[in-house]
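Data block below; observations after.
Everything quoted here is computed from the prediction, not taken from an experiment.
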Amino acid sequence: MASSGTPGSAGEATRAAPAAVTTGPDVGEPPVPGTDAAPVPARPEVGAAEVRPGPPRPRRLSHWQRLRRDRFLLLLSVPGVALVLLFQYVPLLGNVIAFKDYQPYLTIWESPWVGFQNFDVIFNGDPAFLNALKNTLIISFLQIVVVFPVPIALALLLNSLLSERIKRVVQSILYLPHFMSWVIIVALFQHMLGNAGIYNNWARQHGFPLLNIIGDPDLFFTLITSQVIWKDAGWGTIIFLAAISRVDLELYEAVAVDGGGRLRQLWHVTLPAIRSVIVLLLILKLGDVLSVGFEQIILQQGPVGLERSEVLDTYVYNYGIVGGNWGVSAAVGLVKGLIGAILVLGANKVAHLFGERGIYAKW
């Protein structure tokens with residue numbers, strides 16, 4: 001009987017042992033000195049949010065570390081940067097002849113200084129300069145209002161085609177004129193619409209009235225605008241088609257579910273999606289607003305005359321280079337560049353006011 005009580009006592013002691021181990025320091029208190037017990041972590045209070053450490057912040061690299069990391073990419077960009085510096089920025093130093101009486105047989109530094117004398121054609125209102133400025137502004141207005149929206153409309157029409165094969169064929173036909181030089185484009189228009197062109201020869205044979213489109217000064221602005229549209233409108237659709245291809249198709253499905261047709265999808269989905277691209281290209285176009293195509297116009301000045309066809313680019317060539325007024329040509333070109341820069345900065349500021357990024361982010 002005594003032996004039977006011993007195991008029971010031992011079992012009770014064994015079961016009681018874990019309860020005795022938990023006694024000692026309270027939870028969250030440090031261990032008693034001289035013992036090997038590890039500190040017991042504190043239990044969070046009821047209702048307290050558990051604080052978890054976030055992801056480690058990436059270590060910020062110094063400039064030298066980033067240069068070392070991207071050294072191969074920087075080496076690959078050296079030839080392109082060198083070409084830009086050599087052919088775009090170094091020639092800017094030649095604008096100093098706008099303030100000199102430059103003579104070709106003298107160097108730039110040996111030519112005498114004349115200050116702002118070369119700018120007199122601008123400040124004093126030279127009639128030839130004012131005529132060139134007027135024609136330039138008219139052509140620029142036509143190119144922004146008439147020519148600029150055409151690639152957008154073509155891109156929207158091409159995107160609406162369901163057959164990919166037909167879309168590729170139409171795109172190839174529209175892209176082709178872009179790869180022709182202005183010499184070929186002007187020659188084609190002269191052979192088709194000139195006084196001795198295909199149409200007038202056919203009209204003479206069949207007794208129809210003749211069309212003098214190429215040599216008519218009143219139709220000159222319409223002629224060069226149609227030439228620009230025919231040559232470059234198809235090529236300009238590439239950027240807009242790329243922007244349209246990034247639109248989420250679920251947005252179109254959502255508009256269709258709400259009962260919207262193709263026009264609703266175009267107005268509420270497609271145009272807002274490509275708005276930033278349109279604003280960017282419009283700002284860049286404003287920077288080039290006073291350059292309306294030197295080669296295209298100089299090739300057609302003969303039949304039309306300078307009164308209607310003279311623009312700033314041809315004025316610089318005819319009066320400055322051909323006439324030997326090198327300083328005046330540099331002065332007009334410098335003012336034209338400054339006006340373009342001001343237009344770009346101003347248009348970019350307006351884009352920021354409407355919530356667009358523009359060509360660079362807001363400072």
Side-chain angles (χ1 to χ4, degrees), residues 74 77-141 143-144 181-183 280-299 301 306-307 309-350 358-360 363:
L74 294 174
S77 65
V78 167
V81 174
L83 289 176
V84 171
L85 291 175
L86 182 61
F87 293 102
Q88 297 293 333
Y89 287 92
V90 173
L92 292 178
L93 301 175
N95 285 324
V96 70
I97 68 175
F99 307 95
K100 289 192 169 190
D101 184 14
Y102 175 71
Q103 301 297 331
Y105 54 85
L106 298 175
T107 63
I108 294 179
W109 308 115
E110 292 177 351
S111 299
W113 290 91
V114 293
F116 289 93
Q117 181 179 340
N118 293 324
F119 293 85
D120 288 343
V121 295
I122 302 174
F123 299 145
N124 296 334
D126 180 62
F129 172 78
L130 293 178
N131 176 64
L133 179 62
K134 180 192 70 174
N135 294 334
T136 302
L137 293 177
I138 294 175
I139 297 174
S140 299
F141 177 79
Q143 290 188 357
I144 293 176
S181 66
W182 276 114
V183 177
L280 174 62
L281 294 180
L282 181 60
I283 293 174
L284 296 177
K285 181 64 178 178
L286 289 176
D288 202 32
V289 68
L290 296 182
S291 298
V292 292
F294 168 77
E295 187 177 2
Q296 176 195 11
I297 295 176
I298 198 69
L299 291 171
Q301 276 192 336
L306 298 180
E307 181 66 26
S309 64
E310 186 81 307
V311 294
L312 289 179
D313 290 336
T314 58
Y315 175 83
V316 168
Y317 175 76
N318 292 325
Y319 183 78
I321 298 177
V322 176
N325 300 305
W326 303 88
V328 174
S329 64
V332 174
L334 183 60
V335 171
K336 188 181 74 170
L338 290 176
I339 293 175
I342 293 172
L343 288 175
V344 168
L345 295 176
N348 196 74
K349 184 65 176 177
V350 174
I359 58 176
Y360 57 84
W363 292 340

To the nearest 0.5 Å, what is the distance between [atom1] on [X] and [atom2] on [Y]?
{"X": "W182", "Y": "L299", "atom1": "CH2", "atom2": "CG", "value": "9.5 Å"}
{"X": "S111", "Y": "D101", "atom1": "OG", "atom2": "CG", "value": "7.0 Å"}
{"X": "L312", "Y": "K134", "atom1": "CG", "atom2": "NZ", "value": "12.5 Å"}
{"X": "E110", "Y": "Y105", "atom1": "CD", "atom2": "OH", "value": "11.0 Å"}

Is the backbone of [Y] close enough, under 3.5 Å, to the side chain of [X] for a donor and an acceptor to pair up by distance?
{"X": "N118", "Y": "K100", "value": "yes"}
{"X": "K336", "Y": "S291", "value": "no"}
{"X": "N325", "Y": "Y319", "value": "yes"}
{"X": "S329", "Y": "W326", "value": "yes"}
{"X": "T136", "Y": "L290", "value": "no"}
{"X": "N318", "Y": "T314", "value": "yes"}
{"X": "N135", "Y": "E310", "value": "yes"}
{"X": "S140", "Y": "V289", "value": "yes"}

Find out whether [X] and [Y] are in side-chain contact, i.e. whether some heavy atom of one side chain is under 4.5 Å from a heavy atom of the other.
{"X": "V114", "Y": "F99", "result": "no"}
{"X": "Y315", "Y": "V121", "result": "yes"}
{"X": "V311", "Y": "L133", "result": "no"}
{"X": "L284", "Y": "V344", "result": "no"}

Begin from the C-alpha positions of I298 and D313 and carry the test side chain to side chain contact (heavy atoms under 4.5 Å, CB included) through to its verdict.
-> CA-CA 9 Å; I298 198 69; D313 290 336; over 6 Å; no
Please assess V292 against I297 for the test side chain to side chain contact (heavy atoms under 4.5 Å, CB included), listing each intermediate value before the final yes or no.
-> CA-CA 8 Å; V292 292; I297 295 176; 3.9 Å; yes
Counterpart residues, side-chain hydrogen bond (donor to acceptor under 3.5 Å, both in side chains), relative to [X] (two or more places apart):
{"X": "S309", "result": "none"}
{"X": "D120", "result": "none"}
{"X": "K285", "result": "Q143"}

Considering residues, nucleotides and ligands other than W113, do more than 12 of their heavy atoms fall under 6.0 Å from its CH2?
-> yes
Test F119 against L334 for side chain to side chain contact (heavy atoms under 4.5 Å, CB included), laying out the working first.
-> CA-CA 10 Å; F119 293 85; L334 183 60; 4.3 Å; yes
Mind listing the closest non-hydrogen atom pair of L92 and Q88 along with its distance?
-> CG-O, 3.4 Å
Heavy-atom pair with the smallest gap, counting every atom of L343 and L286 |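 So the two residues come closest at CD1-O, 3.7 Å.
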Are D126 and L130 close enough, and set up right, to give a side chain to side chain contact (heavy atoms under 4.5 Å, CB included), and what steps lead you there?
-> CA-CA 6 Å; D126 180 62; L130 293 178; over 6 Å; no
